[in-house]
Amino acid sequence: MRRAAVLAAGTTRWALEGALEDGRLVAPVRGVIALPTLSEAQLEAARLRARLTCVSAIAEAGLPVMPRTRVVHLAVRPRGRTPERAATHRFHFAKECGSSLEPMPLPAALDHAGRCVGPRAHLVMLDAALRRGLVRGADLDGWIATPRARRTWLLARADARAESAQETLARIDLVESGLRVVPQVYVDGVGRVDLVVEGRLALEIDGRSSHDGDDAFIRDRRRDRAVLKRGVLAARFTAAEVEAARPGEIAAAVRGILSAHRRAGRTIA
């Protein structure tokens with residue numbers, strides 16, 4: 001907060017100075033008061049009297065940002081004084097910036113991201129925000145930074161059921177190739193499956209954190225056997241594979257599996 005706002009809220013100068021002296025508060029720049037536990041990006045925004053926005057505000061909200069970047073994205077008023085420029089700063093001029101120093105509201109930050117990230121990375125962030133209830137599809141109607149064509153594309157493809165960034169990336173790769181995909185399908189005797197493709201393939205995206213260890217290894221194989229018993233194909237990709245894949249690569253691999261399955265009756269020995 002600005003120092004003046006802290007005092008206006010009823011804090012005495014004596015109490016404020018005491019908090020600064022013992023480290024409970026810090027002053028990143030003259031006239032600005034902050035908590036010492038703030039991230040480096042938030043402290044940098046406070047130092048420049050700006051507001052985090054775009055991918056920086058989205059990351060602060062705990063949502064996935066791809067690709068990761070050390071550039072700090074800052075919102076400033078169009079007619080205000082622009083802070084010093086640096087290779088590690090990117091400024092977004094925003095009429096709604098106001099006098100607050102808090103990160104921009106998430107719908108506005110997602111809108112600003114339309115200037116800085118590709119459509120798939122944008123969709124990853126939007127899916128995660130929708131899943132957590134931080135935005136609604138209707139919020140896109142008020143976006144002004146993201147081009148109309150991008151907004152239309154996002155609305156047509158966004159899905160709050162996505163449970164990870166990699167699931168979104170895999171789904172959109174499959175959908176863009178013309179495959180029919182349904183996320184988070186409940187299968188009797190198995191549980192929820194990340195993606196069901198063409199009604200014939202149960203596709204799982206495995207991240208290391210939740211699929212590492214002996215118990216997870218055994219559980220995943222049991223799930224695959226349960227899927228196969230129902231006459232449905234089962235396949236797995238690692239999260240790292242999905243992140244590193246070029247556009248169309250996941251879809252090509254899945255099409256290959258589906259095509260091979262149509263030629264049932266062939267043997268391997």
Side-chain angles (χ1 to χ4, degrees), residues 39 41 52-73 90 103-137 139-140 143 145-146 150-151 153-177 179 181-185 191-197 201-212 216 220 223 235-254:
S39 67
L52 289 183
T53 192
C54 192
V55 295
S56 296
I58 293 165
E60 288 292 332
L63 300 181
V65 171
M66 308 173 81
R68 300 168 184 84
T69 178
R70 295 184 65 85
V71 175
V72 180
H73 291 248
R90 172 148 188 186
M104 292 292 286
L106 196 60
L110 283 165
D111 182 19
H112 292 167
R115 300 170 176 167
C116 300
V117 303
R120 293 191 179 195
H122 208 175
L123 182 63
V124 163
M125 296 183 285
L126 179 58
D127 273 2
L130 287 169
R131 179 170 181 78
R132 287 175 50 180
L134 300 176
V135 297
R136 301 172 301 160
D139 289 329
L140 275 69
W143 288 9
T146 300
R150 169 74 67 84
R151 298 201 305 269
W153 186 89
L154 289 171
L155 278 171
R157 291 159 179 79
D159 197 313
R161 291 173 291 181
E163 292 195 340
S164 70
Q166 295 78 18
E167 186 182 315
T168 292
L169 290 173
R171 186 191 80 240
I172 195 60
D173 199 67
L174 296 166
V175 169
E176 293 282 89
S177 77
L179 291 166
V181 184
V182 182
Q184 296 300 321
V185 176
R192 283 186 297 115
V193 173
D194 290 341
L195 302 168
V196 171
V197 185
L201 173 64
L203 184 63
E204 301 272 33
I205 313 299
D206 296 344
R208 182 177 294 276
S209 61
S210 57
H211 292 270
D212 203 5
D220 289 343
R223 281 170 58 87
R236 291 180 181 274
F237 287 89
T238 67
E241 281 182 293
V242 173
E243 283 193 45
R246 297 184 297 272
E249 193 170 345
I250 300 298
V254 169

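Only heavy atoms go into these numbers, but all of them, side chains included; no hydrogens, no water, no symmetry mates. All figures in this text were calculated on a predicted structure; none of them were measured in a lab.
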Got a sec, which residues hit salt bridge (charged side-chain N to carboxylate O under 4.0 Å, His left out) with E241, two or more places apart in sequence or on another chain?
none
Within-4.5 Å side-chain heavy-atom neighbours: V182 and R161:
yes
How far apart are the closest heavy atoms of V124 and P64, and which atoms are they?
CG1-CG, 3.8 Å
Is there side-chain contact between H73 and V71, with heavy atoms separated by less than 4.5 Å?
yes
Taking all non-hydrogen atoms of both residues, which atom of L195 and which atom of V181 are closest, and how far apart?
CD2-CG1, 3.8 Å
Taking T146 for its side chain and D111 for its backbone only, find out whether a donor-acceptor pair lies under 3.5 Å.
yes
All heavy atoms of M66 vs all of A165, minimum pair found to be SD-CB, 3.5 Å
Is there side-chain contact between L126 and L140, with heavy atoms separated by less than 4.5 Å?
yes
Write out all pairs satisfying side-chain hydrogen bond (donor to acceptor under 3.5 Å, both in side chains) with one or both partners inside residues 56-65, taking only residues at least two apart or from two chains.
S39-E60
Between V135 and L130, is there a side-chain heavy-atom distance shorter than 4.5 Å?
yes
Those residues that, when tested against A113, pass side chain to side chain contact (heavy atoms under 4.5 Å, CB included) (two or more places apart)
C54, I58, V117, H122, M125
Would you say that D194 contacts F237 through its side chain, given a criterion of any heavy-atom pair below 4.5 Å between the two side chains?
no
For residues 112-131, the salt bridge (Lys or Arg N to Asp or Glu O under 4.0 Å) pairs (sequence neighbours left out) are R120-D173, D127-R171, R131-E163
Which atom pair, heavy atoms only, marks the closest approach of A251 to L179?
O-CD1, 4.4 Å
If you take all heavy atoms of A170 and V242, which pair is closest and at what distance?
N-CG1, 3.9 Å
Which pair of non-hydrogen atoms, one from A108 and one from T53, has the smallest distance, and what is that distance?
O-OG1, 4.4 Å
For R150, salt bridge (charged side-chain N to carboxylate O under 4.0 Å, His left out) partners two or more places apart:
none
Could you measure the distance from the CG atom of L134 to the CG atom of L110? Nearest 0.5 Å is fine.
9.0 Å
What residues form a salt bridge (charged side-chain N to carboxylate O under 4.0 Å, His left out) with R90, not counting sequence neighbours?
none
Taking it one step at a time, do L169 and I205 satisfy side chain to side chain contact (heavy atoms under 4.5 Å, CB included)?
CA-CA 10 Å; L169 290 173; I205 313 299; over 6 Å; no
Side chains of M104 and L52, heavy atoms from C-beta outward: is any pair under 4.5 Å?
no
Rounded to the nearest 0.5 Å, how far apart are CH2 of W143 and CG of L155?
8.0 Å
Could you tell me the separation between the CZ atom of R157 and the OG1 atom of T168, rounded to the nearest 0.5 Å?
13.5 Å
